[in-house]
Amino acid sequence: MSRAETAAAFLREARLAGRREPAIPEACAPRDEDEAKAVWQALHAMEDRKIVGWKIGATATAAQQAMGLSGPFAGHICEGMVDEGAEIEYRLADLLGPIYESEYGFRLSADLPARAQPYSREEVEAAIGSLIAGIELPERRLADDQPLGPLGTIADHGGTGRYIVAYEFEDWRGIDCVDQEVSLTFNGVEAGRGTGRAMMGHPVEAVRWLANHLSGLGLGMTAGQFVTTGSCTGVLPVPGPDTLAVSDFGPLGLVRVRFAGS
């Protein structure tokens, strides 16, 4: 196997075993962003589950600069990783270092296949069937202090974990997902606040970026899949067991996620 395939197999085994590793072995660890993306592609090629959605990370310029990246990164979300409802409970010990992110997503009603010509904003909007107010819970196969930093995150598909579809709106064009403030509290204490404008000026622009990014890899998206576009309220580790996280999407509703200790 190539270095990228060896690293991808290592990450896949960690996921299947439900464990976090201190680092990708040095012999196959990516040394730069291009090599991290090669691990991403190898891991994608190994996926045998149905892909039901996609995530985008570092959509904000400030996040890219802080991580030293040339642009956003992506990851696939598979069957069995999605929950539905505005009130969800997990046992924290069942999750691998979960991060909490309040996000807008979009479900496609038409395919966006790979092609040479870049997709326009209008084409992407025409392929969107609904807006989702939801929560991404990235999980990490690598330890918090793993030495690769963002390269490890890219290789591990952005740490894809669970995704909660809390609310879904087919009449999405009249909904303000750009300037409406979204807030997050942990046990009643505000932990984050922001808007969808951080996602490339408009969350739909993030979907367009993904469609063109995947096209460049010879990949497409299909009707029924969704895209979650990046956090409005920050990228925050779940503080610990017995935490109640509440995301307030304003007129779209509240999402309550409880992380139980046992």
Side-chain angles (χ1 to χ4, degrees), residues 4 7-8 11 23-24 29-44 53-77 97-106 112 118-121 124 134-161 163 177-179 181-182 184 191-217 219 221 226-237 247:
L11 290 169
I24 296 175
R31 294 163 291 195
D32 55 33
E33 196 171 334
D34 287 341
E35 290 193 0
K37 291 175 180 177
V39 178
W40 185 103
Q41 289 182 265
L43 192 56
H44 180 78
W54 301 85
K55 67 158 287 178
I56 311 172
T59 44
T61 302
Q64 296 165 25
Q65 292 173 343
M67 299 174 78
L69 298 177
S70 62
F73 54 83
H76 58 232
I77 298 172
I99 302 292
Y100 189 97
E101 304 184 21
S102 315
E103 306 200 357
Y104 292 113
F106 296 93
L112 291 173
Y119 282 101
S120 68
R121 169 75 172 267
V124 170
I135 307 299
E136 187 193 356
L137 296 174
E139 297 182 77
R140 294 167 288 171
R141 269 58 65 177
L142 299 174
D144 293 347
D145 59 353
Q146 57 92 11
L148 293 174
L151 298 183
T153 302
I154 292 172
D156 193 28
H157 274 246
T160 48
Y163 186 75
C177 60
V178 176
D179 292 317
E181 280 203 322
V182 181
L184 164 65
R193 181 178 292 268
T195 70
R197 189 172 292 278
M199 273 49 82
M200 301 182 173
H202 195 299
V204 171
E205 281 296 318
V207 182
R208 185 170 75 92
W209 173 85
L210 180 63
N212 291 325
H213 172 71
L214 292 176
S215 269
L217 300 175
L219 303 172
M221 294 185 284
F226 66 86
V227 179
T228 185
T229 60
S231 181
C232 298
T233 56
V235 180
L236 303 169
S247 291

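Keep in mind that what you see is a predicted model, and the values were worked out from it rather than measured. No hydrogens, no waters, no symmetry mates; every other heavy atom, side chains included, goes into these values.
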Nearest heavy-atom pair of [X] and [Y]: which atoms, and what distance?
X	Y	answer
Q146	G152	NE2-CA, 4.0 Å
Y119	A211	CD1-CB, 3.9 Å
M199	G230	CE-O, 3.4 Å
T59	A206	CG2-CB, 4.1 Å
P30	A36	CB-N, 3.4 Å
M67	A58	SD-CB, 4.2 Å

Which value, rounded to the nearest 0.5 Å, describes the distance between [X] atom [atom1] and [Y] atom [atom2]?
X	Y	atom1	atom2	value
E181	R193	CD	CZ	5.0 Å
I24	L142	CD1	CG	5.0 Å
M221	W54	CE	CH2	8.0 Å
K55	T229	NZ	OG1	11.0 Å
I135	Y163	CD1	OH	7.5 Å
L151	D34	CG	CG	10.0 Å

What pairs with [X] under side-chain hydrogen bond (donor to acceptor under 3.5 Å, both in side chains), at least two apart in sequence or on another chain?
X	value
E139	none
E205	R121, R208
T228	E103
T160	none

Does anything in residues 60-71 pair up under salt bridge (Lys or Arg N to Asp or Glu O under 4.0 Å), and if so which pairs, sequence neighbours excluded?
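Found none.
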
So which pairs with a foot in residues 145-157 pass salt bridge (Lys or Arg N to Asp or Glu O under 4.0 Å), sequence neighbours left out?
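Output for this query lists R141-D156.
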
Restricting to pairs with a member in residues 62-75, which pass side-chain hydrogen bond (donor to acceptor under 3.5 Å, both in side chains), not counting sequence neighbours?
E33-S70

Flag, side chain of H157 to backbone of W40, donor-acceptor distance under 3.5 Å:
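Flag set: sc H157 to bb W40 pair under 3.5 Å.
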
Test of understanding: with side-chain contact (heavy atoms from CB on, under 4.5 Å), list the residues that count as partners of [X], not counting sequence neighbours.
X	result
D144	R20, R140
A38	A4
L236	L184, F186, A191
A8	V39, A42, L43, M46

Side chains of [X] and [Y], heavy atoms from C-beta outward: is any pair under 4.5 Å?
X	Y	value
V124	F106	no
T195	C232	no
E101	P138	yes

Please list, chain by chain and in numerical order, all residues satisfying salt bridge (charged side-chain N to carboxylate O under 4.0 Å, His left out) with R197, sequence neighbours excluded.
D179

Give a yes-or-no answer on whether the side chains of Y100 and T233 include a donor-acceptor pair shorter than 3.5 Å.
no

